[in-house]
Amino acid sequence: MITLSQIREQKADLIERYQKRMADLDVEKLLDQVLELDEQRKSTQQKMDDELAEANQIAKQIGQLFKEGKQEEAGKMKSRAAELKQSSGSLKESLQKIEDQQREILFHLPNVPQARVPKGKDDSDNEITEEFGTKHSFSFEPKPHWELADEYDLIDFELGVKISGAGFPVYKGKGAKLQRALINFFLDEAEKAGYAEVIPPHLVNEASGIGTGQLPDKDAQMYHVGEDGLYLIPTAEVPVTNIYRDVILKEDQFPIKNCAYSPCFRREAGSYGKDVRGLNRLHQFDKVEIVRIEKPENSDAALEEMKSHVQGLLNKLGLQSRILLLCGGDLGFAAAVTYDFEVYSAAQERWLEVSSVSNFESFQANRLKLRYKNEDGKSTLAHTLNGSALALPRILAALLENYQQEDHIAIPDVLKPYLNFDKIEK
RNA sequence: GGAGAAAUGGCAGAGCGGUUGAAUGCACCGGUCUUGAAAACCGGCAUACCGAGAGGUAUCGGGGGUUCGAAUCCCUCUUUCUCCGCCA
């Protein structure tokens with residue numbers, strides 16, 4: 001969530017930047033409410049502190065009197081103490097209420113877009129900043145990946161329906177091996193780029209969901225194991241970033257770079273149509289995620305570095321790709337700026353999102369209480385970033401579609417060392 | 001899953017109702033000494049909020065309670081350890 005000092009110090013700027021993502025919302029009113037509540041909080045806190053101070057004072061005196069054997073005098077002071085206890089108690093209650101109200105507003109307020117983020121409502125307002133990669137052309141009619149998957153016996157969607165439901169495919173044979181090869185390739189590339197690998201838990205508690213911003217807003221997107229109060233992770237971002245919850249870092253620990261492979265679980269309530277065909281949108285999918293914790297002054301540079309990393313992966317895989325700078329309206333709740341990567345699906349004749357790289361600035365850090373101590377001993381919120389590098393199913397879809405030949409499917413050179421075959425035949 | 005024990009500062013570890021925000025040791029930082037280092041000695045060393053400051057408040061796993069007063073007593077949750085059972 002955004003910080004009070006941001007609101008205090010740059011309110012006008014915030015209001016303007018918020019317009020990029022929610023033009024119809026009266027942000028100024030909300031921010032004023034927060035400031036107003038903060039004033040109330042301070043004065044209530046002050047009153048309460050004063051009363052507690054007096055009560056502490058009295059308690060000490062009573063203790064002293066008891067020691068000196070002056071029970072009666074001590075007894076007299078108790079009534080004032082009881083009075084203070086009562087009124088400080090009710091002040092505590094109203095303080096709690098004020099803080100709850102304030103948090104309620106702040107919790108539901110998304111991050112402020114950076115100045116360079118284009119204003120816009122939805123994905124049609126995203127800005128294409130770059131196109132790159134290998135274009136594939138065909139002397140025949142290319143087939144969509146779900147037909148190829150079936151023809152070459154790589155993925156069984158029906159079987160997944162039987163076992164779990166729609167959106168849970170079963171990868172088989174070379175399909176499964178290709179999946180595993182991609183995971184290893186992505187992890188190796190991340191490691192070469194300096195990201196330390198972790199294998200995080202795949203279920204997280206509520207505090208973790210709140211830390212990275214999935215909760216309380218997006219709880220409908222996550223699978224919830226009510227019995228145990230746990231959530232299946234929608235991305236490794238959640239457990240990996242939460243490694244640094246309630247942590248105070250030292251300067252010399254930067255930059256922090258982690259990568260992780262994990263399955264991701266999403267309920268995807270409300271999706272339908274061609275969007276969900278084949279591998280396009282699943283309830284369970286695999287992803288390699290990169291996560292960084294940076295000092296504020298370095299986070300923008302880190303984002304560009306992550307962008308090049310992802311770009312490098314797509315180039316190595318030989319996929320026709322493009323980068324979008326997301327407009328305000330398409331930005332995730334916690335993001336200040338996001339690049340989306342899309343690959344061209346030859347047979348579906350559409351672009352598929354395969355990565356999303358974001359700078360969250362101090363938005364998550366504020367919720368996570370993730371800080372660092374600078375040279376003069378002051379603690380400051382760190383910046384968090386993450387990106388997919390990469391999400392597997394759509395990459396697999398694009399590989400099958402773009403590398404298909406009339407009688408087989410070719411394999412990109414970079415994956416061959418990870419496989420004991422160099423093409424897929426019937 | 002059953003039975004017990006425990007949770008205190010960066011770590012170790014006292015304290016079990018009244019100047020205890022918390023002894024002591026280690027670690028760490030500054031200084032004296034030394035050609036330099038070690039040792040020794042002196043001093044400092046939690047976090048958050050309010051306040052110009054003096055200072056105040058809160059925090060001894062989390063939450064609640066008893067009391068004028070709780071790290072200390074009670075309830076509850078969580079976690080860890082030991083034993084038994086079960087199991088990849």
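In what follows, every chain begins at residue 1, and chains take the letters A, B, ... in the order their sequences are listed.
- With sequence neighbours left out, A/T212 forms a side chain to side chain donor-acceptor pair (under 3.5 Å) with A/Q214.
- At whole-Å resolution of the value, CG in A/L91 and P in B/U57 are 15 Å apart.
- Annotation: B/U66 and B/G17 have their C1' atoms spaced 11 Å apart (nearest Å).
- Judged by distance alone, with hydrogens and angles left aside, the side-chain atoms of A/Q6 form a donor-acceptor pair with the main-chain N or O of A/T3 at under 3.5 Å.
- Comparing the same atom, P, in B/A14 and in B/U8 gives a spacing of 11 Å after rounding to whole Å.
- In this structure, A/K174 forms a cation-pi arrangement with A/F421, its terminal cationic atom sitting closer than 6.0 Å to the ring centre and no more than 45° off the ring axis.
- Looking at A/E361 and A/N111, their side chains never bring a donor and an acceptor atom within 3.5 Å of each other.
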What string of B, S and - do you get for nucleotides 59-69 of chain B, 5' to 3', when a contact is any protein heavy atom under 4.0 Å?
-> --------BBS

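- For the pair A/R394 and A/F285, the NZ or CZ position fails the cation-pi test of under 6.0 Å to the six-membered ring centre and within 45 degrees of the ring normal.
- Base-pair partner of B/C83: B/G2 (Watson-Crick or G-U wobble, both distances under 3.5 Å).
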Determine, step by step, whether A/E305 and A/K257 satisfy the salt bridge (Lys or Arg N to Asp or Glu O under 4.0 Å) criterion, reporting the C-alpha distance in whole Å, the side-chain angles of both residues, the deciding distance to 0.1 Å, and the verdict.
-> CA-CA 12 Å; A/E305 219 180 281; A/K257 300 167 78 174; 3.7 Å; yes

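- Put simply, CG on A/N205 is 10 Å from P on B/U79, counting in whole angstrom units.
- Per the geometry, CD belonging to A/Q45 stands 11 Å off P belonging to B/C49, to the nearest Å.
- Take the nearest nucleotide of RNA chain B for A/R371 and for A/E54: the residue whose nucleotide is more 5' is A/R371.
- Taking the P atoms as reference points, B/G53 lies 14 Å from B/C49, given to the whole Å.
- The partner of B/U57, taking Watson-Crick or G-U wobble pairs whose two distances both stay under 3.5 Å, is B/A48.
- No donor-acceptor pair under 3.5 Å is formed between the side chain of A/D150 and the backbone N or O of A/W146.
- Separating the P atom of B/C16 from that of B/G10 is a span of 23 Å, rounded to the nearest Å.
- Across the protein-nucleic acid pair, A/Q46 atom CD and B/G56 atom P stand 13 Å apart, rounded to whole Å.
- With a 3.5 Å ceiling on both atom-pair distances, B/U19 lacks any Watson-Crick or G-U wobble partner.
- For the pair A/L370 CG and B/A48 P, the computed distance is 14 Å after rounding to whole Å.
- Rounded to a whole angstrom, the distance from the C1' atom of B/A58 to that of B/C81 is 31 Å.
- Among the heavy atoms of the strands lying under 4.0 Å from A/K373 are primed sugar atoms or P, OP1, OP2 only; no base atom is included.
- B/C73 is paired with B/G65 under the criterion used here, namely a Watson-Crick or G-U wobble arrangement in which both key atom distances are under 3.5 Å.
- Among the protein residues, A/R41 comes within range of the sugar-phosphate backbone only, with heavy atoms under 4.0 Å from sugar or phosphate atoms but none that close to a base.
- The interatomic distance linking A/D246 (CG) with B/A48 (C1') rounds to 13 Å, in whole Å.
- Using C1' as the reference atom, B/G15 and B/G64 are 24 Å apart when rounded to the nearest Å.
- OP1 and OP2 of B/U57 both lie 4.0 Å or more from every side-chain N or O belonging to A/S88.
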Begin from the C-alpha positions of A/K416 and A/D413 and carry the test salt bridge (Lys or Arg N to Asp or Glu O under 4.0 Å) through to its verdict.
-> CA-CA 5 Å; A/K416 284 179 183 162; A/D413 287 340; 3.0 Å; yes

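- B/G62 and B/U72: their P atoms are spaced 11 Å apart (whole Å).
- Note: CD (A/E206) to C1' (B/U78) measures 14 Å, nearest angstrom.
- Summarising the base pairing, B/A39 is matched to no nucleotide, lacking a Watson-Crick or G-U wobble pair whose two defining distances lie under 3.5 Å.
- For the pair A/Q64 CD and B/G18 P, the interatomic distance rounds to 13 Å; values are reported in whole Å.
- Nucleotide B/C26 has B/G10 as its partner under the Watson-Crick or G-U criteria, with both atom distances under 3.5 Å.
- For A/S379, counting side-chain heavy atoms from C-beta on, the closest listed nucleotide (B/C50, B/A48, B/G56) is B/A48.
- Atom name P, nucleotides B/G61 and B/A12: the rounded distance is 14 Å, in whole Å.
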Steps toward side-chain contact (heavy atoms from CB on, under 4.5 Å) verdict (A/S299, A/L385) | CA-CA 8 Å; A/S299 70; A/L385 305 96; 4.1 Å; yes

